[in-house]
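Have a look at the structure below, then the notes.
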Amino acid sequence: MSTNKKGVAIVGFGGMGSWHKRKLLASDVAELRGIWDIKESRRQKALEENIHVYSSFEDLLSDESVDIVTIAVPNELHKPLSIAALEAGKHVICEKPVCLSCKELEEIIAASARTGKLFTTHQNRRWDADFLLMKQVYESGDLGEVTNIESRVQGSHGIPGDWRGKKEHGGGMILDWGVHLIDQTLQMVKDKRIERIYCRCDHITNYVVDDGFKLDIYFEGGLTARIEVGTSNFISMPRHYMTGTNGSAIVRDWGKDCEVVCCKNWEDKDVVPVVTAAGLTKTMAPRNKDTISEYTIPSPESDVHDFYRNYCLAVDGKAEQIVTHAELMRVMKVMEAAFASDEAGNPVEFDDSI
Ligand code: NAD
């Protein structure tokens, strides 16, 4: 056994706990010490895979070979289990959403400061190739001043029938998928303050938690980001779309390249009109090809295990952790404002001071 790899134990051995297990078994920076799950069937599953199973959460926390505890349990347990692990002297990686409110997050951050142990959240979708493409386009300036960003994920199976459909477990799509899409958007738009938030939640198959939503984030200077999650969409809209004063970009689906169209000659508006049922239109006709440049950016390589690589370096004081407390708080504030806006039925002002 290599001694410089960090020892990691997983709490919660369901879908995401198993995902962490697979990554840790193949890791160059960490080693899986074992798991704990309250469900007998999940503990049995781990034993069948020759994975060490602790006899309790406390047993896991008392293992001195465990440096980092990865928490992958339903959302309402993130705060108490994270704080307990920090208090036991462990560094903590908690699954998303970090917890259920800004107040809860303040308590976790205070526990991290008090114990001197690192705390972070697994915002693994920062490594999604489709997002990295849009970030590259945003930062390139090719679209001129970006005025509109749209990010969508849409399925047609309704909200899962497990704890995700229940309020007391922190269910609903804002906390499940929204947290990823908001985090990605705020990773892109770091240079502008949020002024207002407007959110409308869907309740198509579930009346107690949102089974989808449409969230508009209004940034200073006029940039608007539209974030949409749907679970009753039988035809999906494109994954990402962005427009600016000089061009547009689209990533149609996960794993697809980014298509960019930029304007070469704004003044040349000569165009063949489009025939519609009600008459001709030049305004909505496609641009003349020699007034635009079109190119494709191929989907980049990325390795989500860089999250663990960074965290292990941060534990040794050799790097700053990628997912910071300030970033987690800003995303949580947006989610709280989204819930408040939905309840009020109106846009709400946003205080973007951290
Ligand atoms: P899941 O229902 O498949 O698994 C949760 C597991 O936690 C279950 O096996 C359950 O028995 C166990 N558990 C419940 N209470 C426990 C406790 N007190 N102690 C120990 N184990 C306990 O759910 P999931 O899909 O694995 O989601 C778990 C977490 O991971 C959630 O917070 C979810 O939001 C997150 N998640 C993140 C991603 C991602 O891409 N980052 C993807 C899926 C899920």
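All values derive from a computational prediction rather than experimental measurement. Atoms within each ligand, like the ligands themselves, are counted from 1 in listed order.
Every atom of ligand 1 with a heavy atom of R42 under 4.0 Å away is listed here by number and element: 9 (O). The contact set between ligand 1 and K39, taken as ligand atoms under 4.0 Å from a residue heavy atom, comprises 11 (O). Of all atoms in ligand 1, numbered sequentially from 1 with element shown, those under 4.0 Å from a heavy atom of H122 are 41 (N). Atoms of ligand 1 lying under 4.0 Å from any heavy atom of G14, numbered from 1 in the order shown and given with element: 3 (O), 4 (O), 6 (C), 9 (O), 26 (O). Short contacts between ligand 1 and P74, defined as distances under 4.0 Å to a heavy atom of the residue, involve ligand atoms 5 (C), 7 (O), 14 (C).
A distance of 13.5 Å separates NZ in K192 from CD1 in I217, rounded to the nearest 0.5 Å. The structure places CZ of R330 at 9.5 Å from CD of Q187, a figure rounded to the nearest 0.5 Å. Expressed to the nearest 0.5 Å, how far SG of C102 lies from CD of E107 amounts to 12.0 Å.
Enclosure of atom CD in E145 is not indicated, since only 12 or fewer non-hydrogen atoms of other residues, nucleotides or ligands lie within 6.0 angstrom.
Only the side chain of W163 comes within contact range of ligand 1, with a heavy atom under 4.0 Å; no backbone atom does. Residue-level proximity to ligand 1 for R164 is carried by the side chain, the only part with a heavy atom below 4.0 angstrom. The side chain of V11, and not its backbone, has at least one atom closer than 4.0 Å to an atom of ligand 1 (non-hydrogen atoms only; side chain from C-beta on). Proximity of N124 to ligand 1, defined as any heavy-atom pair under 4.0 Å, is confined to the side chain (atoms from C-beta onward). When non-hydrogen atoms are compared, ligand 1 lies under 4.0 Å from the backbone of M16 as well as from its side chain. Using a 4.0 Å cut-off between heavy atoms, H180 contacts ligand 1 through its side chain alone, with no backbone atom that close.
Close N/O approach between N75 and ligand 1 is found [any backbone or side-chain N/O within under 3.5 Å]. The N/O atoms of V73, backbone and side chain alike, include one that comes under 3.5 Å of an N/O atom in ligand 1.
Look at Q123 and you'll find every heavy atom at least 4.0 Å from all atoms of ligand 1.
Both tests do not hold together for K21 against F13: distance to the six-membered ring centre under 6.0 Å, angle to the ring axis within 45°. The cationic atom of R196 (NZ for Lys, CZ for Arg) does not lie both less than 6.0 Å from the six-membered ring centre of F350 and within 45° of the ring axis. Geometrically, R309 does not engage F307 in a cation-pi contact, judged by NZ or CZ lying under 6.0 Å from the ring centre and within 45° of the ring axis.
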Quiz item: Can Y311 and I68 be said to form a side chain to side chain contact (heavy atoms under 4.5 Å, CB included), step by step?
Solution: CA-CA 9 Å; Y311 195 68; I68 300 167; 3.8 Å; yes
Practice problem: Mind running side chain to side chain contact (heavy atoms under 4.5 Å, CB included) on Y54 and D63 for me, showing each step along the way? | Solution: CA-CA 9 Å; Y54 292 95; D63 181 348; 2.7 Å; yes
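Among all non-hydrogen protein atoms, the one lying nearest atom 3 (O) of ligand 1 is G15 N, 2.9 Å.
Using the six-membered ring where Trp is involved, Y308 and H122 have ring planes that are tilted, between 30° and 60° apart.
In the candidate list A72, S56, S18, G170, A72 is nearest to atom 5 (C) of ligand 1, counting heavy atoms. Here the shortest heavy-atom distance to atom 7 (O) of ligand 1, taken over G17, P80, G12, belongs to G12. Considering only non-hydrogen atoms, atom 34 (O) of ligand 1 lies nearest to K96 out of H78, K45, E95, K96. Selection from I38, I10, D37 by nearest heavy atom to atom 9 (O) of ligand 1 gives D37.
Here the options are H78, Q123, H20, the test is side chain to side chain donor-acceptor pair (under 3.5 Å), and the partner is E95; only H20 passes.
Here W254 and H240 keep their ring centres 6.0 angstrom or further from each other.
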